[in-house]
Amino acid sequence: PDPQVDLKGVEGTEMTPAQKGALDRFKAEKKKFDDFVAENSAMVQAMDKATGAKREELLNKLRMRKNEEQPLRQALVAAYAALVDAFPASAAGKPAP
């Protein structure tokens, strides 16, 4: 599953440069992944409405994109791990998984 993080307890607080970097990295990777998933969803909807050669073309594009998803997912998981490491477990705000 995709890491879900509640940043309410983290954003707006004073952070070290490492914490800020980890947070910025996580946000960037999350945005890339979410944008990719949204594009896939749009392609699936278009494919569901298409027929014939157009449907086959969209299906082939989706199959190729499946390979592109893994590196994005791995980068997101790594950014999440760095975020968790940057905010040690404490009442002050470890991001909630």
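Separating the CD atom in Gln70 from the CZ atom in Arg73 is a distance of 6.5 Å, to the nearest 0.5 Å. Within the model, atoms CG of Asn40 and CD of Glu68 stand 8.5 Å from one another, a figure rounded to the nearest 0.5 Å. Taking CG from Leu83 and NZ from Lys30, the interatomic distance works out to 12.0 Å, rounded to the nearest 0.5 Å.
Tyr80 places none of its side-chain heavy atoms less than 4.5 Å from the side chain of Glu29. Considering only heavy atoms from C-beta on, Leu72 stays 4.5 Å or farther from Leu76 through its side chain. In this structure the side chain of Met43 reaches within 4.5 angstrom of the side chain of Arg65, judged on heavy atoms. Looking at heavy atoms from C-beta onward, Gln19 lies out of side-chain contact with Leu23 at the 4.5 angstrom threshold. Side-chain contact between Gln74 and Val77 is absent, with no heavy atoms from C-beta onward closer than 4.5 Å.
Shown here for Ala78 and Arg25, the closest heavy-atom pair between the two residues is CB-NH2, 3.5 Å. The two residues Ala22 and Ala86 make their nearest non-hydrogen contact at CB-CB, 3.6 Å. Considering every non-hydrogen atom in both Leu58 and Ala46, the closest pair reads CD1-C, 3.8 Å.
By the criterion of side-chain heavy atoms lying less than 4.5 angstrom apart, applied directly or through intervening Ile, Leu, Val, Met, Phe, Trp or Tyr residues, Val37 is not grouped with Met47; the two fall into different hydrophobic clusters.
Remark: the backbone N or O of Phe36 is not paired with any side-chain donor or acceptor of Glu39 at under 3.5 angstrom.
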